[in-house]
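Just below is one structure, and these are the notes that go with it.
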Amino acid sequence: MSPLASSNVTMDMLVSLCKRRGFVFPSSEIYGGLNGFFDYGPLGSELRRNIRNAWWEDMVHRRDDIVGIDCSIISHPKVWEASGHVGGFSDPMVDCKESKQRYRADQLFFAPVVVAGEKIGYVSVLEDAKMQTEAEEQANSLKRKLAKQGALEPIVLQDYTNAKPDEYALIPSPATGKPGSLTAPRDFNLMFETHVGAMRDESAVAYLRPETAQGMFFNFKNVVDTTRVKLPFGIAQIGRSFRNEITPRNFVFRSREFEQMEMEYFIHPTADWQKEHRAWIDWCKNWLVSIGLPAARLSEYDHPKAKLAFYSRGTTDIMFEYPFGVQELWGIAARGDYDLQQHIKFSGKALDYFEEATKSKVVPHVIEPAVGVDRIFLAVLCSAYYEDVVEGEKRTVLRLHPRLAPVKCGVFPLVKNKPELLAHAEALYKRLRRKWNVFWDVSGAIGRRYRRMDEIGTPFCVTVDFDTIEKDGSVTLRDRDTTQQVRLSEDELVAELSRRIDGV
RNA sequence: GCGGGCGUAGUAUAGAGGUAAUACGUGAGCUUCCCAAGCUUGAAUCGAGGGUUCGAUUCCCUCCGCCCGCACCA
């Protein structure tokens, strides 16, 4: 039996462990589950909470320049018009019913073929450098096939979003070359809709937020007016967001309800945004390493300039090597002043910052690091999962960072049929419980109890044995990763746990 | 949304048109002076609905969910 490194863990192994130990359950499972939603169990909710708290402490509490907010999930519908989510959250798609191919409507081009003033049919091509030539060849071939005489008029390509409803059936599918199989362009709007108030008419439509970021923008003035922040400064938020994904995949990696941790860092319009952007990429990477992700599994991906949204100056994703591939974990975007300007335009309110030094008003630019709690949760589990061998027996162990571990310490009496041992251990348990989430266990042999703690990532176990009650009151502290033990007095134990769990 | 595969205790798996099983885990008890030991004993399973049949967990259909590929992922 060879040890299994975390880099070889499979999703099946993780999903099974999550279910078996109460980290993650399929949502509303007794009704068959619901695609794209998950419920976090007792251990999973502790782990998520610890991730959120670690981020909040490091991002907000331990910095002077960042403040936190907590916005409602549903906001005024105009927010999503200003942000562009209502209009262009997703591109319209076209399906070919015959070939089962799907195209983005703005990448599928068509043109009528007109010969001597008579429309004889249509041609279609996919967006391409040579598409004009291809379309002309198709038109000529159509003209020959139908044996039409006369001058072929110039082929004017337009994209499929401009097609009129009566043209859908006439435009040939690029896959089959035959008309009649293309659907109308269909919107895939990824926002969940709901209605505010009891009347379910159009005027009551509202949306569950697809990102938390807009809250920082439309509360910009409130924060500036109430907190005495000075540029550069940031506003941070943790909260649920919702996207009606076409295909949720890969466990909690892409789900329809997820939790974001976003921060908008406002900088002076003339500041060196590239330097700030780089600094935030480094901050995020360092933070991930600090909570236990191996640097070797992290990488950076710069979005190519040509693919950037028009308002974005540059976006870099911190990627993580998941079992299903290298995927986006944390996106750090330089967004200029686009978002504030949009809200200025749509709300008619001034969202600016008065600069004392120059006695002038400026609209700041922004750097946005945005990460999903659930993606970190998954990356943490992927990195922590190991199988090794202890005294000839296979052991499953989660090497979670003590800061993230759901349970910090197990507390055991060595045996359960000696009342003095039990009483002493229980008193210690109650003492530790005031400070940390600790776990009491008397059932089974001591080795079994250690293994149970290993599997859920508990970094420490304390055992009260006969030396404790017969000699000096010292207890043993066992380390999860090495399985080594040291004897400590209770005060030494508390100091050691504080040092290793809280870093103080 | 399309195509393929799959769905049996908490987990991993076996099984057959005639009342469902193994291992681990788990509850209770005994034992035990430090790494899943042993013994006793208990709980727990055929994803949902419909059809065929004397009888369906098994065959058929629909739905739901999971996995893989395609497409998609502002």
Side-chain angles (χ1 to χ4, degrees), chain A residues 10-13 15-22 25-38 41 80 83-104 107 175 183 186-191 210-211 213 243-251 253-256 303 307-312 315 324 327-328 331 333 389-397 410 412-418 421 443-455 461-470 475-480 482-485 487:
Chain A
T10 65
M11 287 306 291
D12 283 346
M13 292 157 71
V15 171
S16 168
L17 175 78
C18 282
K19 179 80 196 296
R20 193 168 67 240
R21 291 301 181 187
F25 308 124
S27 171
S28 43
E29 192 184 12
I30 62 170
Y31 292 102
L34 187 59
N35 194 358
F37 296 90
F38 294 90
W80 308 112
S83 71
H85 288 84
V86 171
F89 192 48
S90 161
D91 301 296
M93 305 296 298
V94 187
D95 287 316
C96 169
K97 286 179 281 193
E98 199 168 316
S99 68
K100 308 300 183 193
Q101 293 290 304
R102 171 174 289 171
Y103 308 98
R104 270 173 59 172
Q107 291 176 352
T183 64
R186 289 186 284 197
D187 271 327
F188 284 74
N189 197 299
L190 299 192
M191 280 197 296
E211 61 174 31
R243 293 181 196 180
N244 209 349
E245 296 284 356
I246 299 168
T247 313
R249 274 287 162 93
N250 295 324
F251 201 37
F253 182 82
R254 176 175 295 120
S255 55
R256 290 181 165 136
H303 288 221
K307 294 254 182 186
L308 287 177
F310 65 91
Y311 52 79
S312 178
T315 298
F324 45 84
Q327 296 283 335
E328 175 191 338
V389 177
V390 173
E391 309 202 354
E393 293 280 348
K394 185 182 119 176
R395 174 176 84 137
T396 299
V397 55
F412 316 138
L414 183 58
V415 295
K416 70 172 173 182
N417 56 357
K418 294 285 183 290
L421 269 183
S443 107
I446 191 76
R448 177 190 297 267
R449 286 178 264 165
Y450 287 146
R451 299 302 174 84
R452 280 199 279 246
M453 290 292 101
D454 291 339
E455 197 174 21
C461 292
V462 177
T463 300
V464 169
D465 61 12
F466 287 90
D467 280 2
T468 313
I469 55 171
E470 288 166 5
V475 295
T476 64
L477 174 66
R478 179 234 191 213
D479 179 279
R480 173 195 64 204
T482 64
T483 75
Q484 298 302 301
Q485 295 175 315
R487 282 207 87 87

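Residue numbering restarts at 1 for every chain, and letters A, B, ... go by the order of the sequence lines. Since this is a predicted model, take the numbers as computed values, not measurements. Values below: all heavy atoms of this structure, side chains included; hydrogens, waters and symmetry mates excluded.
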Mind checking A:Glu328 for me? I need base, sugar-phosphate or nothing, with any heavy atom below 4.0 Å counting as a touch.
nothing

Spell out yes or no: do the side chain of A:Ser16 and the base of B:rA12 have one donor N/O and one acceptor N/O closer than 3.5 Å?
no

Phosphate OP1/OP2 of B:rG25: any A:Arg448 side-chain N/O under 4.0 Å:
yes

Base, sugar-phosphate, or nothing: which does A:Arg449 touch, judged by heavy atoms less than 4.0 Å apart?
nothing

The side chain of A:Asn250 lies closest to which of these nucleotides: B:rA36, B:rC68, B:rU11?
B:rC68

Name the nucleic acid region contacted by A:Lys19, choosing base, sugar-phosphate or nothing; use a 4.0 angstrom heavy-atom cut-off, strictly under.
sugar-phosphate

For the side chain of A:Arg243, starting at C-beta, report the closest nucleotide among B:rG65, B:rC35, B:rA74.
B:rA74

Proximal nucleotide (of B:rC35, B:rC70, B:rA37) relative to the A:Arg478 side chain
B:rC35

Return the nearest nucleotide to the side chain of A:Phe466; candidates are B:rC34, B:rA74, B:rC33.
B:rC33

Atom CG of A:Leu414 to atom C1' of B:rU32: distance rounded to whole Å?
8 Å

Would you kindly check whether a donor in the side chain of A:Asp465 faces an acceptor in the base of B:rC34, or vice versa, at under 3.5 angstrom?
yes

Under-4.0 Å salt bridge between A:Arg487 and A:Asp465:
yes

Is there a donor in the side chain of A:Arg452 and an acceptor in the side chain of A:Ser443, or the other way round, less than 3.5 Å apart?
yes

Report yes or no: is the ring centroid of A:Tyr450 under 5.5 Å from the six-membered base ring centroid of B:rC35, with the two planes under 30 degrees?
no

Side-chain donor/acceptor contact of A:Ser443 with base of B:rG27 under 3.5 Å
no

Could you tell me whether the phosphate oxygens of B:rU26, OP1 or OP2, come under 4.0 Å of any side-chain nitrogen or oxygen in A:Arg452?
yes

Looking at every strand, decide which applies to A:Asn417 at a 4.0 Å heavy-atom threshold: base, sugar-phosphate, or nothing.
base

Is any side-chain N or O of A:Asn35 closer than 4.0 Å to OP1 or OP2 of B:rC64?
no

Between A:Asp454 and A:Arg480, does any NZ, NE, NH1 or NH2 come within less than 4.0 Å of an OD or OE carboxylate oxygen?
no

Does any N or O donor sit under 3.5 Å from an N or O acceptor when you compare the side chain of A:Tyr31 with the base of B:rC64?
no

Can you find a donor-acceptor N/O pair under 3.5 angstrom joining the side chain of A:Thr476 to the base of B:rC34?
yes

I'd like to check A:Thr483 versus A:Tyr450 (side-chain heavy atoms, cut-off strictly below 4.5 Å). Are they in contact?
no

Look at all strands and tell whether A:Gln485 reaches a base, only sugar-phosphate, or nothing, counting heavy atoms closer than 4.0 Å.
base

Determine, for A:Glu455 against A:Arg20, whether the closest basic-nitrogen to carboxylate-oxygen distance falls under 4.0 angstrom.
yes

